[in-house]
A.B. asks: 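Below you will find the structure I want to go over with you.
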Amino acid sequence: MSSYQPGSVETKPYVDPTPLPDGIPKVQELGVTSGPLKSAAFFIGAYCKEFNEDFMLCKAENREPGHCLKEGRKVTRCATDLITKMRENCLSQFEAHWNCLENNNQEYYLCRKPERSLNSCMFEKLGLTKTIPGTPDGQKPIHEVENPIYKAIQK
Amino acid sequence: MPVPWEALIPFGLITAMFGVSGTLLNMSTRAQNLGKPTRYNIDNWDEMMMRRDEQLTGHKRGQRDDPVPPPGFETSSVWFTEKTA
């Protein structure tokens with residue numbers, strides 16, 4: 001193996017600029033990056049529950065990319081709607097929370113203080129609460145525990 | 001007896017060298033991550049989200065909270081390709 005062996009993985013990135021065909025209705029994609037999305041995740045779950053569940057059940061039937069486009073469009077529109085509402089009502093708390101997440105490896109347990117103020121703002125203005133599905137009954141959800149074991153090293 | 005201050009010079013040197021190398025390493029990693037600490041324990045989901053962040057903002061750690069994406073976002077994803085022929 002002392003001669004040059006051409007590799008099989010392409011070195012230049014392959015980008016396909018052809019847009020979707022005109023028969024498919026257009027929906028504007030969500031332009032939010034990972035930090036704000038993680039911050040808004042539980043609120044998207046509370047606000048868009050039916051659309052998300054429809055999409056997941058549809059995909060569970062058939063995992064082809066072209067199968068659940070209609071449900072996917074509904075999910076995108078609902079999430080965009082919620083992010084716009086969040087920004088109108090709770091912009092400063094939202095920004096504080098996702099900036100905190102970005103500086104802490106996007107871990108929720110390191111950013112409880114901004115999270116609490118965001119949760120109270122969202123509950124006041126939009127009536128959405130963060131619930132963690134799958135918490136055992138009788139146990140407080142981890143984001144409401146006063147003195148957790150796993151927390152940041154510094155106060 | 002006067003304090004043997006020449007003997008403490010190596011301690012000072014070692015402390016200074018640890019400090020300088022630690023500071024430079026910290027500055028280098030923060031500069032690569034746009035002033036934020038590095039991401040660790042990254043799994044496939046996080047890698048995928050960082051690829052999407054690069055599509056949206058131009059840098060793996062760039063963030064934006066505008067729901068409207070930049071123009072051309074729908075068609076700018078990079079496909080993993082392999083030459084088979």
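The chains referred to below are lettered A, B, ... by the order of the sequence lines, with proteins before strands, and numbering in each begins at 1.
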A.B. asks: Mind listing the closest non-hydrogen atom pair of A:Leu37 and B:Arg52 along with its distance?
C.D. replies: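 What the structure gives for the nearest pair is CD2-NH1, 4.0 Å.
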A.B. asks: Would you compute the distance between atom OG of A:Ser34 and atom CZ of B:Arg51 and round it to the nearest 0.5 angstrom?
C.D. replies: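 That separation rounds to 12.5 Å.
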A.B. asks: Is it the case that B:Gln63 and A:Thr33 place a side-chain donor and acceptor less than 3.5 Å from each other?
C.D. replies: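 Yes, A:Thr33 and B:Gln63 have a side-chain donor paired with an acceptor closer than 3.5 Å.
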A.B. asks: A:Asp16 and B:Trp79: which non-hydrogen atoms are nearest, and at how many Å?
C.D. replies: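 That closest heavy-atom pairing would be CB-NE1, 4.0 Å.
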A.B. asks: Please report the shortest heavy-atom distance between A:Thr84 and B:Pro67, naming the atom on each side.
C.D. replies: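 Shortest heavy-atom separation between A:Thr84 and B:Pro67 comes out as OG1-CG, 4.3 Å.
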A.B. asks: Please state whether the side chain, the backbone, both or neither of A:Ser39 comes within less than 4.5 Å of a heavy atom of chain B.
C.D. replies: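 Neither part.
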A.B. asks: Report yes or no: does B:Arg39 contribute a side-chain atom to a donor-acceptor pair with the main-chain N or O of A:Gln106 at less than 3.5 Å?
C.D. replies: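 Here the side-chain-to-backbone pair does not exist.
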A.B. asks: Pick whichever of A:Lys38, A:Glu95, A:Glu107, A:Arg87 has the most heavy-atom pairs under 4.5 Å with chain B.
C.D. replies: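 The residue among A:Lys38, A:Glu95, A:Glu107, A:Arg87 with the greatest pair count is A:Arg87.
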A.B. asks: Using a 4.5 angstrom heavy-atom cutoff, name the option from A:Asn103, A:Thr18, A:Leu91, A:Leu20 with the most pairs to chain B.
C.D. replies: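 Option with the top pair count is A:Asn103.
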A.B. asks: B:Arg64, B:Arg61, B:Glu82: which one forms the most heavy-atom pairs within less than 4.5 Å of chain A?
C.D. replies: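 Looking at each of B:Arg64, B:Arg61, B:Glu82 in turn, B:Arg64 comes out on top.
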A.B. asks: Which region of B:Phe73, side chain (C-beta onward) or backbone (N, CA, C, O), has a non-hydrogen atom less than 4.5 Å from a non-hydrogen atom of chain A, or is it both or neither?
C.D. replies: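 Answer is side chain: those atoms of B:Phe73 sit under 4.5 Å from chain A.
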A.B. asks: Can you name the nearest heavy-atom pair linking A:Glu29 to B:Pro69, along with the distance?
C.D. replies: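 Shortest heavy-atom separation between A:Glu29 and B:Pro69 comes out as O-CD, 3.1 Å.
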A.B. asks: Within a radius of less than 6.0 Å around CG of B:Leu13, do more than 12 heavy atoms belonging to other residues, nucleotides or ligands occur?
C.D. replies: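 More than 12 heavy atoms, drawn from other residues, nucleotides or ligands, come within 6.0 Å of this atom.
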A.B. asks: Has B:Asp66 got a side-chain atom pairing as donor or acceptor with A:Gly31's backbone, closer than 3.5 angstrom?
C.D. replies: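 No; judged by distance alone, with no hydrogens or angles, the pair does not exist.
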A.B. asks: Give, as side chain, backbone, both or neither, the part of B:Thr57 having an atom under 4.5 angstrom from any heavy atom of chain A.
C.D. replies: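 Contact with chain A: side chain only.
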A.B. asks: Could A:Lys26 and B:Glu74 be called an ion pair, given the rule that one side-chain N must be under 4.0 Å from one carboxylate O?
C.D. replies: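 No salt bridge links A:Lys26 with B:Glu74.
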A.B. asks: Given heavy-atom pairs under 4.5 angstrom as the criterion, report whether the side chain, backbone, both or neither of B:Thr81 touches chain A.
C.D. replies: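 Contact with chain A involves both backbone and side-chain atoms of B:Thr81.
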A.B. asks: Tell me the closest heavy-atom pair linking B:Val78 and A:Pro13, and the distance in Å.
C.D. replies: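 Heavy atoms of B:Val78 and A:Pro13 come nearest at CG1-CB, 3.8 Å.
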A.B. asks: Supply the atom-to-atom distance A:Asn105 CG to B:Ile42 CD1, rounded to the nearest 0.5 angstrom.
C.D. replies: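 The CD1 atom of B:Ile42 is 7.5 Å from CG of A:Asn105, to the nearest 0.5 Å.
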A.B. asks: Any donor-acceptor pair under 3.5 Å linking the side-chain atoms of A:Trp98 with those of B:Asp65?
C.D. replies: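 A donor-acceptor contact under 3.5 Å links the two side chains.
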